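The figures that follow rest on heavy atoms only: side chains count, while hydrogens, waters and symmetry mates do not. In this text, all values refer to a predicted model and were calculated from it rather than measured experimentally. Protein chains get the first letters and strands the later ones, always in sequence-line order, with residue 1 at the start of each.
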There are 2 protein chains.
Amino acid sequence: MAQTNFSTRERILGVAEALFARHGFAGASLRQVTATAKVNLAAVNYHFGSKDGLIEEVFRRRLDELNRERLAALAKAANTDLETVLDAFIRPALNQSLHSQGGAAFVRVLARAYAEHDERLRRFLSDNYGHVLREFAQVFARLLPHLGKEELYWRLDILAGAVTYAMADFGIIKRRAATSEESHRRQAVSHLITFAAAGLRAPPSPG
Amino acid sequence: MAQTNFSTRERILGVAEALFARHGFAGASLRQVTATAKVNLAAVNYHFGSKDGLIEEVFRRRLDELNRERLAALAKAANTDLETVLDAFIRPALNQSLHSQGGAAFVRVLARAYAEHDERLRRFLSDNYGHVLREFAQVFARLLPHLGKEELYWRLDILAGAVTYAMADFGIIKRRAATSEESHRRQAVSHLITFAAAGLRAPPSPG
DNA sequence: ATCTGGCTCAAACGATCGTTTGAATCATAG
DNA sequence: CTATGATTCAAACGATCGTTTGAGCCAGAT
């Protein structure tokens with residue numbers, strides 16, 4: 001977690017991401033972050049202005065790439081089937097987890113952000129994330145013509161929760177020692193797509 | 001939120017529940033709690049020993065009733081269909097939200113607890129919650145004979161996440177002003193059951 | 001009326017919080 | 001080499017954190 005071969009700025013971001021994932025935004029202090037990153041305490045305020053500035057930058061640097069990957073995958077999947085579109089949404093989050101330093105922590109940080117009803121953070125995420133969700137919603141609407149607009153939104157809301165929770169690995173299932181982290185997460189994605197596709201395809205609710 | 005007509009102990013619990021839901025365990029201070037409850041600061045340590053003791057009591061007083069209601073509903077639903085069993089799991093959480101002071105906040109606190117990877121809290125929840133989940137898992141296993149043990153556990157893990165997030169109302173759907181809080185949450189339950197039942201019934205994953 | 005135990009109170013404890021300061025250090029351009 | 005702007009540093013700021021203390025209050029029992 002120390003990442004001593006990176007720049008001060010990058011070390012702070014990496015460590016902050018991991019500690020925010022583990023202890024929350026309020027629960028992880030700047031002194032913990034800077035001590036773990038082997039960096040001076042004042043470096044956070046120098047590079048990011050404030051703790052809130054650090055939090056926003058933790059999101060920004062990952063969301064940019066995540067959004068790009070999701071939209072690229074969506075473009076390829078738009079005229080295929082439901083499972084492929086779900087895969088386009090879910091797999092980039094998995095790739096972040098596997099191919100980038102501490103990316104697994106970021107998915108957890110993202111899930112925490114949902115739990116924070118903090119208005120400032122929600123607006124920030126909506127500004128930097130909303131257009132991606134809206135594009136996916138349009139494709140889902142086309143693939144699920146049996147659902148009314150209201151019903152579709154409910155389904156997507158439930159889907160977002162299930163995906164967030166599952167990718168953040170909040171669940172009770174313990175990865176077996178024999179199974180690698182990568183294999184475990186690939187299984188999570190596979191089961192998630194199966195579950196979500198069936199949930200979205202279900203006939204309209206009676207209520 | 002002040003609840004001035006209750007005892008000191010109950011006022012603290014009610015206010016703590018609401019503030020933990022909104023700001024998290026680390027984010028809500030005892031000074032906020034006691035000031036909002038119009039109670040002396042030292043009362044928390046007097047009645048609950050410590051902040052951690054307060055957190056545990058916030059869970060205990062609601063979980064006892066929630067567990068009881070869920071198991072009672074499960075006993076009635078055990079020999080019916082999947083939707084009824086899902087209802088037995090989900091509806092008690094809804095009832096807590098509607099019929100008890102600040103119960104809606106508790107569901108949010110419970111969802112936050114999932115995000116905390118704090119070992120102490122997880123063990124506490126496992127001790128006071130695990131047997132209920134295990135009983136439901138047995139019934140689900142009987143109702144879903146097409147799923148292997150491994151596959152079933154994955155589905156239930158995803159289900160738990162979807163239920164937790166949806167009931168905590170973390171999603172993006174805004175309740176319309178014309179819709180009452182009660183009606184909104186009943187809709188959430190209804191859509192959740194439809195989605196979850198279809199997700200659980202889906203054929204085994206190819207992976 | 002006095003004693004007693006449960007409870008509340010203001011006040012303070014040391015620790016830790018996010019942030020700021022100003023000097024020291026570094027790399028780079030002139 | 002010197003000058004300059006960027007970065008790092010130790011130290012301290014006031015505020016707030018969870019917790020403890022000991023005096024005071026207020027019942028109900030003796």
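Summarising the geometry, the separation between CD1 on Ile55(A) and P on dT19(C) is reported as 9 Å, rounded to the nearest angstrom. Here dT8(C) presents its P atom at 11 Å from CZ of Arg9(B), a figure rounded to the nearest Å. Here the P atom of nucleotide dT20(C) and the CG atom of Leu30(A) are 12 Å apart, to the nearest Å. Atoms CD1 (Ile12(B)) and C1' (dT8(C)) sit 11 Å apart, rounded to a whole Å. In this entry the distance linking CZ of Arg31(B) with P of dA11(C) reads 14 Å, nearest Å. When the C1' atom of dC25(D) is taken as reference, atom CG of Asn40(B) falls 13 Å away, rounded to whole Å. For the pair Phe25(A) CZ and dG18(C) P, the interatomic distance rounds to 14 Å; values are reported in whole Å. dT16(D) atom C1' lies 11 Å from atom CG of Leu41(B), rounded to whole Å.
Distance alone, capped at 3.5 Å, is enough to place a donor-acceptor pair between the Gln32(A) side chain and the Ser29(A) backbone.
Relative to the side chain of Ala42(B), the nucleotides dC9(C), dT19(D), dC7(C) differ in distance, and dC9(C) lies closest. Nearest to the side-chain atoms of Lys51(B) among the listed nucleotides dG18(D), dG6(C), dA6(D) stands dG18(D).
When only modelled atom types and interatomic distance are considered, Tyr129(A) and Arg70(A) share a side-chain donor-acceptor pair under 3.5 Å.
Mapping Gly49(A) and Gln32(A) onto DNA chain C by nearest heavy atom places Gln32(A) at the nucleotide closer to the 5' end.
Phosphate proximity of dT16(C) to Ser29(A): absent, as no side-chain N or O sits under 4.0 Å from OP1 or OP2. Between His47(A) and dA6(D) there is no side-chain polar atom (N or O) within less than 4.0 angstrom of OP1 or OP2. For Asn45(A), no side-chain nitrogen or oxygen approaches OP1 or OP2 of dG18(C) to under 4.0 Å. Applying the 4.0 Å criterion to OP1 and OP2 of dC7(C), one finds that Thr8(B) has every side-chain N and O outside that range.
The side-chain tip of Arg112(B) does not point at the ring of Phe25(B) from less than 6.0 angstrom away and within 45° of straight on.
Between Phe124(A) and Arg120(A), the closest side-chain pair of non-hydrogen atoms is not below 4.5 Å.
Atom CZ of Arg123(B) has 12 or fewer neighbouring heavy atoms from other residues, nucleotides or ligands inside a 6.0 Å radius.
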